[in-house]
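Right, one structure below, let's go through it.
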Amino acid sequence: METKKVQPSSVFETLEGLKEQGYNLLVDLTAVDRSAQGRVPRFEVVYRVAALDLETGLETKPRVEVRCEVGSEPVLRSARPLWPAADWLEREVWDMFGVRFADRPDIKRLLMYEEFVGHPLRKDYPINKRQPLIGPKEEPEGGVNLNRARQKVEYE
Amino acid sequence: MAQGGARVQVVATRLDAVLGWARKYSIFQYPFVTACCGMEYMSTMASHYDLDRFGAGLPRFSPRQADLLMVVGTISHKMAPVLRRIYEQMAAPKWVVAFGACTCTGGFYDNYSTVQGIDTIVPVDLYIPGCPPRPEVVIRGFMKLQAKIQQGTRGPWHMDEEGWGRFFPAAGPGKDEGGAAPK
């Protein structure tokens, strides 16, 4: 498998070139938050494509991975015109990491509900934070918080 | 006068017993299946571990027509209002089964998206833990639910030492719990 590291401004041209070479399957589109390692820019968006022969179902070429480093400002063009599968994958990237895409100003969340605040897979999202939509309140007046399993409970 | 009152009570308790018998052997379940526990639910409903012999073989896919809400599989916070709404759309008498570890306590998903037990949203009558629970376990739990349904919808309900539900602290297991409780 080949990995290409490109600048965000030339990602779309690279993907277009790959599509013309016959890479007709977008396998995955995801992001990595590197702020825990202190690297800037913060996110690395990863595209992985494959070339699938539609008659036999076998992959004719080695897979290619395209990586680019972005912050949270919208510089990447959406890959939807090339592969329609990118629609939901970009929605997931926005939902989980907060990476925007330039030509998708009104992007919707995919996995979390609309009123959710924050992006859960970022490294600075507190691991014990819960935002229940309905159900018991997050800060009970005394006693056990019913929204998480691991917690310190004082016993008499 | 006291004689007449006692006779009325006997008739009423017999009526409750008949209603309980009828309700427990004609359960229309609403299988609210979201995740992997659905596989074991399907196994339990299929011919090998047949649930139809308990009278519960017909699932109703509308909450208006069902009386048992079987919540099978992980419930996320996005799904929680839907589950609550389905529960509220069912007509009384209704019972809820929490099938699988994710519905009992959240399972091993202690994270930002999973409800830590559906009893934070709907009142639960039967918990079947397991990941996923084997069909034999499901059937055992189902029989306990039938014992609970037999006791009716009024009055306090409690669990005796052997795990069978009953109203009055009777001396031994009842005669209508499938005969599986030890003597």
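Small disclaimer: the values here were computed from a predicted structure and weren't measured. Chain letters run A, B, ... following the sequence lines, proteins first and then strands; every chain starts at 1.
- Partners of A:Trp94 under the ring-ring contact (aromatic ring centres under 6.0 Å, His included) rule, at least two apart in sequence or in another chain, are A:His119.
- A:Arg130 contributes no side-chain N or O that, together with a main-chain N or O of B:Thr114, makes up a donor-acceptor pair within less than 3.5 Å.
- B:Tyr30 is connected to B:Ile75 through a chain of hydrophobic side-chain contacts under 4.5 Å among Ile, Leu, Val, Met, Phe, Trp and Tyr, so both are in one cluster.
- The shortest non-hydrogen separation linking A:Tyr125 to B:Tyr112 is CE2-CB, 4.4 Å.
- A:Leu82 and A:Leu52 sit in two unconnected hydrophobic clusters of ILVMFWY residues. Membership requires side-chain heavy atoms under 4.5 Å apart, directly or through other members.
- Note: the hydrophobic cluster containing B:Val115 does not contain B:Val33 (ILVMFWY, side chain heavy atoms under 4.5 Å, direct or indirect links).
- A:Phe116 is not connected to A:Ile134 by any chain of hydrophobic side-chain contacts under 4.5 Å among Ile, Leu, Val, Met, Phe, Trp and Tyr, and they are in different clusters.
- Taking 4.5 Å as the limit, some side-chain heavy atom of B:Pro81 sits within range of a side-chain heavy atom of A:Leu133.
- Side-chain atoms of B:Lys78 come within 3.5 Å of backbone N or O of A:Leu110 as a donor-acceptor pair.
- Rounding to the nearest 0.5 Å places CG of B:Asn111 at 9.0 Å from CD1 of A:Ile127.
- With a threshold of 4.5 angstrom between heavy atoms, B:Asp119 does not approach chain A through any atom at all.
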